[in-house]
Amino acid sequence: MIVTCTVNGQRIPLDGHPMARLLDALRAAGLTGVKEGCGEGECGACAILVNGDLVNSCLTPLAHAAGATLTTIEGVAAGRVLHAIQSAFLECGAAQCGICTPGMVLAACSLLERNPEPTDDQIRGALAGNLCRCTGYIRIFEAVREAARRLP
């Protein structure tokens with residue numbers, strides 16, 4: 001089955017069984033910023049935005065992407081210019097091994113799009129589905145707070 005959707009601003013076909021994991025179709029299309037962590041929807045490493053909603057692509061069937069607008073980590077920056085959230089992650093030391101970072105950044109994008117001035121509890125709640133084994137969470141939370149200060 002060919003599923004046509006818009007990924008990072010470009011309409012692309014994704015090929016696979018309708019019940020195949022969206023994660024695998026995206027990676028096969030060269031979007032390797034989508035990471036597989038647990039493969040069970042527990043860690044958030046595979047998180048992407050589907051029509052603006054944060055989803056775990058390891059649990060999302062390919063058919064769900066038909067006609068949808070998807071954003072992966074490759075679509076967050078504007079060319080070579082990092083998004084404010086990405087810059088804040090770098091400057092705050094919130095990015096370590098890189099497995100969780102794409103999902104964390106997209107979770108932060110989703111949060112700050114809906115709530116540009118989140119409280120610390122709201123940040124923790126929004127990132128609760130994303131696990132990090134390297135940094136702990138303090139620097140990640142600082143990065144999201146810093147990004148919130150920078151975004152208009």
Side-chain angles (χ1 to χ4, degrees), residues 3-14 21-39 41-60 62 64-120 122-152:
V3 170
T4 302
C5 53
T6 301
V7 181
N8 302 328
Q10 296 185 339
R11 287 194 58 79
I12 66 167
L14 298 174
R21 300 182 315 168
L22 183 56
L23 164 69
D24 297 325
L26 290 169
R27 290 186 61 84
L31 297 160
T32 56
V34 183
K35 305 298 185 199
E36 179 165 8
C38 67
E42 297 291 330
C43 73
C46 65
I48 64 170
L49 300 176
V50 176
N51 296 327
D53 295 326
L54 190 69
V55 302
N56 289 322
S57 63
C58 72
L59 298 179
T60 304
L62 174 60
H64 185 71
T69 298
L70 312 181
T71 303
T72 68
I73 193 66
E74 290 91 345
V76 173
R80 294 188 161 273
V81 178
L82 295 178
H83 187 281
I85 295 170
Q86 294 171 305
S87 295
F89 266 66
L90 289 175
E91 294 164 18
C92 293
Q96 294 292 315
C97 78
I99 295 296
C100 74
T101 303
M104 291 279 189
V105 168
L106 287 164
C109 286
S110 177
L111 168 65
L112 296 179
E113 177 68 27
R114 292 178 282 109
N115 180 0
E117 297 179 17
T119 64
D120 287 350
Q122 290 168 329
I123 292 171
R124 279 191 286 277
L127 300 183
N130 298 78
L131 302 180
C132 173
R133 298 178 185 165
C134 299
T135 66
Y137 296 90
I138 300 302
R139 291 180 179 186
I140 293 167
F141 296 153
E142 289 172 359
V144 176
R145 283 193 297 272
E146 179 60 26
R149 281 191 284 273
R150 294 179 185 179
L151 289 171

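Owing to the predicted nature of the structure, the values given are computational and were not obtained by experimental measurement.
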Please check if the number of heavy atoms outside Arg133 that lie under 6.0 Å from its CZ is greater than 12.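 No - once you tally the heavy atoms of other residues, nucleotides and ligands closer than 6.0 Å, there are 12 at most.
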[X] versus [Y], closest heavy-atom pair with distance:
X      : Y     : result
Gly103 : Ala47 : CA-CB, 3.9 Å
His64  : Ala68 : O-CB, 4.3 Å
Ile99  : Ala45 : O-CB, 3.7 Å
Ala143 : Ala88 : O-CB, 3.3 Å
Gln86  : Ala77 : OE1-CB, 3.4 Å
Gly39  : Cys58 : C-SG, 3.8 Å

Working to the nearest 0.5 Å, report the span between [atom1] of [X] and [atom2] of [Y].
X      : Y      : atom1 : atom2 : answer
Asn51  : Thr71  : CG    : OG1   : 9.0 Å
Met104 : Asn130 : CE    : CG    : 5.0 Å
Leu54  : Glu113 : CG    : CD    : 13.0 Å
Leu90  : Ile85  : CG    : CD1   : 12.5 Å
Ser57  : Lys35  : OG    : NZ    : 11.5 Å
Gln122 : Arg114 : CD    : CZ    : 9.5 Å

Please examine the side chains of [Y] and [X], heavy atoms only from C-beta on, and report whether any two atoms are closer than 4.5 Å.
X      : Y      : answer
Leu106 : Val76  : yes
Leu127 : Ile123 : yes
Thr69  : Cys5   : no
Leu26  : Leu22  : yes
Leu49  : Ser110 : yes
Leu23  : Thr60  : no
Ile140 : Cys132 : yes
Phe89  : Val144 : yes

Among Cys46, Cys38, Cys43, which residue satisfies the side chain to side chain contact (heavy atoms under 4.5 Å, CB included) criterion with Asn56?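 Of all the options given, the one that passes is Cys46.
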Begin from the C-alpha positions of Val105 and Ile73 and carry the test side chain to side chain contact (heavy atoms under 4.5 Å, CB included) through to its verdict. CA-CA 8 Å; Val105 168; Ile73 193 66; 3.7 Å; yes
Dump the intermediate steps for side chain to side chain contact (heavy atoms under 4.5 Å, CB included) on His83 and Leu151, then the final yes or no. CA-CA 9 Å; His83 187 281; Leu151 289 171; 4.0 Å; yes
Would you check if there is a donor-acceptor pair between the side chains of Asn8 and Thr72 at a distance under 3.5 Å?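 Note: Thr72 and Asn8 side chains meet the donor-acceptor criterion.
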Show, in sequence, the C-alpha distance, side-chain angles and deciding distance for Leu82 and Ser87, and conclude whether the side chain to side chain contact (heavy atoms under 4.5 Å, CB included) test is met. CA-CA 6 Å; Leu82 295 178; Ser87 295; 3.6 Å; yes
Test of understanding: with salt bridge (charged side-chain N to carboxylate O under 4.0 Å, His left out), list the residues that count as partners of [X], not counting sequence neighbours.
X      : value
Glu146 : Arg149, Arg150
Glu36  : Arg21
Glu74  : none

